[in-house]
Amino acid sequence: MTAKIIDGKAIAADLRGKVADAVHRLSRDRGITPGLAVVLVGNNPASESYVASKIKMTAGSGMRSFDHRLPKETSGAELLGLIARLNADPTVHGILVQLPLPSQIDAHKIIAAVDPAKDVDGFNPVNAGRLSAGLPGLAPCTPLGCILLAKTVQPSLQGLETVVIGRSNIVGKPLAQLLLAENATVTVAHSKTRELPAVCRRADVLFAAVGRPELVRHDWVKPGATVIDVGVNRVTGAAGRPRIVGDVAFTEVAQIAGAITPVPGGAGPMTIACLLANTVRAACAIAGLREPAFGQRPSDDRE
Ligand code: NAP
């Protein structure tokens, strides 16, 4: 193995430490304790586990955590009612609605109903538009985490060739926008891209957000490139044991890449840390205070 392993757990722990310091200062100097409301509808086991981690880490960073569990039969109107109450609640600075939602609820309507100032997931169309227009706003957590991971290897992404595989609204597209804001040259690939391995081989920094186990092979990667693997795929391993793998064939790609994130322990831990950072930023923006610099957006470097 030649690649440097990018330790997402340690980098996320460092970011959570900075968030906890910022929370402490806000509460001591301004009397503001940031509050994050997490809404879970139904009992999808993966969602329950994500929500439990989010609640634990929110409280661990000194913030207030508000836990809203609704039955799986909840109607769209009932959920909109809760969102309206959270939008109006001054102790709530961030609102996260755990996806996916049950099929009777229109997720687009719910996301659009969250106050953009409290939209710490960055999925509201207002925040997506602000990101695309290069205006300040709340950006999605997983892409923010990917940028921080890449910057631990390449402190400046300016002028670098970057390739993002995947164009979802929650990862691929916002990641491409954040990379443009870093002055990287950005190619977004997807299921209809021709000659995908050759496209990927152009990348100085390659991001895989696909949801296909070990799609990216060693001959898709330029020697020395940085590889950030966002994929979380549950597969059956040796002896029928379930295990999680990324979108990158880690062992073989690590022979050629300069640096690589593992799965688990790479992009995953960064998502929650960035959610906490977004909640502090939201609390500051709502109070009209300067937002703390967590190094996630190019504007942070100028602060
Ligand atoms: P998604 O909405 O399913 O989007 C997948 C994207 O990959 C689509 O743009 C799709 O192209 C593209 N794609 C699918 N098969 C492809 C192929 N064979 N070649 C090239 N492109 C292909 O998934 P997502 O929500 O963005 O998530 C992607 C992965 O990241 C999943 O494994 C997910 O679990 C993981 N994830 C992890 C975190 C975290 O915290 N670590 C957070 C979010 C997501 P089309 O647009 O053409 O269909």
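Quantities reported herein were computed from a predicted structural model and do not represent experimental measurements. Whatever order the structure lists ligands and atoms in, that order sets their numbers, starting from 1.
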Original post:
Going by heavy atoms, is G268 under 4.0 Å from ligand 1?
Top reply: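 It does, in that a heavy atom of G268 comes within the 4.0 Å cut-off of ligand 1.
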Original post:
Is A209 near ligand 1, meaning one of its heavy atoms is under 4.0 Å from it?
Top reply: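 Distance cut 4.0 Å: A209 passes for ligand 1.
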Subject >> Residue portion contacting ligand 1 (non-hydrogen atoms closer than 4.0 Å) for V230 >> reply: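 Both the backbone and the side chain of V230 come within reach of ligand 1.
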**OP:** For ligand 1, note which part of R212 has a heavy atom under 4.0 Å away: side chain, backbone, both or neither.
**Re:**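 It is the side chain that gets close, since no backbone atom is under 4.0 Å.
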Value rounded to 0.5 Å, distance of [atom1] in [X] from [atom2] in [Y]:
| X | Y | atom1 | atom2 | answer |
| --- | --- | --- | --- | --- |
| S75 | L80 | OG | CG | 8.0 Å |
| Q98 | L70 | CD | CG | 13.0 Å |
| K72 | L40 | NZ | CG | 12.5 Å |
| N124 | L138 | CG | CG | 9.5 Å |
| S27 | R64 | OG | CZ | 8.5 Å |
| H24 | D29 | NE2 | CG | 8.0 Å |

Residue, atom name and distance, where the atom is the protein heavy atom closest to [atom]:
| atom | result |
| --- | --- |
| atom 25 (O) of ligand 1 | I170 CD1, 3.5 Å |
| atom 42 (C) of ligand 1 | T142 OG1, 3.3 Å |
| atom 8 (C) of ligand 1 | R167 N, 4.0 Å |
| atom 32 (O) of ligand 1 | V232 N, 3.0 Å |
| atom 24 (P) of ligand 1 | S168 OG, 3.7 Å |
| atom 31 (C) of ligand 1 | G211 CA, 3.6 Å |
| atom 39 (C) of ligand 1 | T271 OG1, 3.7 Å |
| atom 18 (N) of ligand 1 | L215 CD1, 4.1 Å |

Original post:
What heavy-atom pair brings N278 and A139 nearest, and what distance separates the two atoms?
Top reply: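 Result for this residue pair: ND2-O, 2.9 Å.
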Subject >> Exercise: identify the closest heavy-atom pair between M63 and V23 >> reply: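 Of all heavy-atom pairs spanning M63 and V23, the closest is CG-CG2, 3.7 Å.
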For ligand 1, which atoms have a heavy atom of [X] less than 4.0 angstrom away?
| X | answer |
| --- | --- |
| V171 | 26 (O), 43 (C), 44 (C) |
| I165 | 20 (C), 21 (N) |
| G166 | 6 (C), 7 (O), 9 (O) |

Original post:
Does any N/O atom on S191 come nearer than 3.5 Å to any N/O atom on ligand 1?
Top reply: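 S191 vs ligand 1: N/O contact under 3.5 Å present.
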Subject >> Over 12 non-hydrogen atoms of neighbours within 6.0 angstrom of NE2 in H108 >> reply: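 Atom NE2 in H108 is not packed in, count stays at 12 or less.
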**OP:** Decide if atom CZ of R28 counts as having more than 12 heavy atoms of other residues, nucleotides or ligands within a radius under 6.0 Å.
**Re:**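 For R28, atom CZ is crowded (more than 12 foreign heavy atoms under 6.0 Å).
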Original post:
If you link I, L, V, M, F, W and Y whenever their side-chain heavy atoms are under 4.5 Å apart, who else ends up in the same group as I286?
Top reply: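 Via sub-4.5 Å side-chain contacts, I286 links to none.
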Original post:
Where the closest heavy atom to atom 13 (N) of ligand 1 is concerned, which of V164, L196, V210 has it?
Top reply: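 Comparing heavy atoms across V164, L196, V210, the nearest one to atom 13 (N) of ligand 1 lies in V210.
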